[in-house]
Asks: 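Got a structure here, written out as structure tokens. Questions coming.
Chain identifiers are assigned alphabetically (A, B, ...) following the order of the sequence lines, protein sequences preceding nucleic acid strands; residue numbering begins at 1 within each chain.
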Amino acid sequence: MVDVRLVGLVKRFGKTVALRGIDLDVRDGEFVVLLGPSGCGKTTTLRIVAGLEKPDEGHVFFGDREVTYLPPKDRNVSMVFQSYAVWPHMKVKDNIAFPLRIRKVPEDEVQRRVKWAAELLQIETLLERYPHQLSGGQRQRVAVARAIVIEPDVLLMDEPLSNLDALLRVKMRSELKKLQRRIGVTTIYVTHDQVEAMTMGDRIAVMNAGKIMQVGTPEDIYLRPANIFVGGFVGSPQMNFFDATVTEKDGKLILEGPGFSIPLMEDQVSVLKDYVGKTVIAGIRPEHMFPKDLAPPKLKGVEITGDIDFVEALGSDTIIHLRVGEKILVIKVSGSHHYKIGSKLTVVFDLSKLHVFRKDSGEAII
Amino acid sequence: MSRTEIGGRPPLRYYLSKILFAGIVLIACSWILLPIVISALYAFSTPKDFYSPKEVIPLHYTFANIKELLDLGAARATMNSVIVACMTVVFSFILGLPAGYAFARFAFKGKDSLKLLIIGLRMFPMLVIAVPLVTLYIRLGLNDTLLGVALAHTTMALPFVILITSSIFVSVPIELEEAAFVFGLDRTQTFLRITLPLALPGLTAAAIFTFIMSWNEVFMAAVLTLTNRTLPAFILTSAMAAPDFIKFAASFIMILPALIFVFIARKYLISMWGITIR
């Protein structure tokens, strides 16, 4: 097991720049998720760690050892591919044993390790089968077994769950996470699914357009997004954004929004003082707004009234689209509620959960 | 009262379309099979039956025609053909396989134009290059040698081998190779232990196709050899002067290996076009 350090990785494919300077430290035994939309460079980053791509600039360190230009076979990494990449001409047991045999591990040790991995992944009964006799989920398990059997320094996973059906994905999510904890291998996991990222990662690196936007624990990413992109990408439904102007009124600071104004709390005032007269972008998550009758009693909030534009009833949640002036605010209420489209609704929003971003750079102010 | 009839008699149109379909299949099959059947029948018919106006289908059969043909020199020519075809397969695969792999796996400048150029090579009729080739061969001492014919056939087969093997390699998912890289193999080992076994059915089919291409080729073989004739060249120059039933015997010998190979390779032939590899 080692820690992984990425320093200033830049990768170009012809004229397109896939990575624009990636710096990331992954601690020994940590589970780090690279999260981002497709084309953001997360898979490229993973492939550079694996050695399947060489960066144009920058370095990759495993512990103190620089591996930037080492071929994959000399890195002692394992990888689980999106398509599983289980070799079709080998039985399951040979697929799992193959990396060990390449490493010239003695045959009785090979058998012992294959048995260990097969038990961990619960595929003991499938060992004699060929991959085309397996279901997608079973192939996935074989791919994971093959990846852990060599006891790699670093385990890399490239959207391993994206080809599974929804139920299986949820099951494998927790299983993979438990497995990683049990064997304690340093893991880098690529996904575009924020739920996977939030539930599995010790830390998440949110990427966009070849850059890391924020690295932090799932809680950090959710509660304290470093910029508009992270605020908007993580969380479902998406955070509500609106332009607002910081204005001073009767010695108090308020945010002047489209059709409503928000008085600021003391700690927010101190930060926003420098922005008086400027336009900022305010953000509030759908789950931090409540219809007035459902709001927690001691909530320090602001009331906004609007017309109900649309209601999505999900059973466990109800999502309300509220038209306030020009703007549509999305509100998520837990539980099943009935609202009439077109009727008026007053919502209270949790002032302490307000996010404010700079209009120019998109960086978070609060 | 109106209701839809279920389980009633299908309309006439249904039967007509069935009959039409069967008819087309019949015509297509006869188109291919009739010449083969006729040449097989006459190849083994006795001269008397062959010339008898009363018998369309011969009733008496003999191996004499085949034997006579073999004694005339077809035995040696068949041997020559096998040698030339094998050499052609070996040469064209030694040259074509790496090229096909490179086309399948690497991105490089001029890849598409190079591919076009390779197809373009097949554009020139052999007739155009025959005379210069013979002159060149005489200078190199390759004229009238099996090696010479094999080299000419390799030139003809190479574009086919490159393009077909490239499409076979493309059909082996690249992740399977990448997994092998990650788990400890270099590119050569990966090719030998992962790619090649997975591509083998397709490659076998391509090899058989190349073999038959060389086996059937008559023009270059006839121009480039004089004493060391391959079978088609021998038949063209010698057997055509013989009686008709000998000609049928010759045509039967010609199609036999192709038939046997295609019969064996049937299921691999499908995967040659990159369809069945999982």
Asks: Check B:L198 against A:P88 and note the closest heavy-atom contact, atom names and distance.
Replies: CD2-CG, 3.5 Å
Asks: Mark yes when over 12 heavy atoms from residues, nucleotides or ligands other than A:K178 sit less than 6.0 Å from its NZ; otherwise mark no.
Replies: no
Asks: Of the backbone (N, CA, C, O) and the side chain (C-beta and beyond), which part of B:A180 lies under 4.5 Å from a heavy atom of chain A, both, or neither?
Replies: both
Asks: Just by distance, do the side chain of A:H89 and the backbone of B:R193 share a donor-acceptor pair under 3.5 Å?
Replies: yes
Asks: Take atom CZ of B:F106 as the centre, draw a 6.0 Å sphere, and report whether it contains more than 12 heavy atoms from other residues, nucleotides or ligands.
Replies: yes
Asks: In terms of heavy-atom contacts, does CZ of A:R181 have more than 12 from other residues, nucleotides or ligands at under 6.0 Å?
Replies: no
Asks: Write down the atom of A:V86, the atom of B:L176, and the distance for their closest heavy-atom approach.
Replies: O-CD2, 3.5 Å
Asks: Got more than 12 heavy atoms from elsewhere within 6.0 Å of CG, A:D64?
Replies: no
Asks: State whether the number of non-hydrogen atoms from other residues, nucleotides or ligands found under 6.0 Å of A:K115 atom NZ is greater than 12.
Replies: no
Asks: Answer yes or no: does atom CZ of B:F108 have more than 12 heavy-atom neighbours from other residues, nucleotides or ligands under 6.0 Å?
Replies: yes
Asks: Which atoms of A:R146 are under 4.5 Å from chain B, going by heavy atoms: the side chain, the backbone, both sets, or neither?
Replies: both
Asks: Could you tell me if the side chain of A:K73 sits less than 4.5 Å from the side chain of B:D186, heavy atoms only?
Replies: yes
Asks: Verify the neighbour count for atom NZ of B:K18: are there more than 12 heavy atoms of other residues, nucleotides or ligands below 6.0 Å?
Replies: no
Asks: Report yes if the side chains of B:I194 and A:F98 come closer than 4.5 Å at any heavy-atom pair, otherwise no.
Replies: yes
Asks: At their closest point, which heavy atom of B:F183 faces which heavy atom of A:S78, and how far apart are they?
Replies: CE2-OG, 3.3 Å
Asks: How close do B:E175 and A:S83 get, heavy atom to heavy atom, and via which atoms?
Replies: CG-OG, 3.4 Å
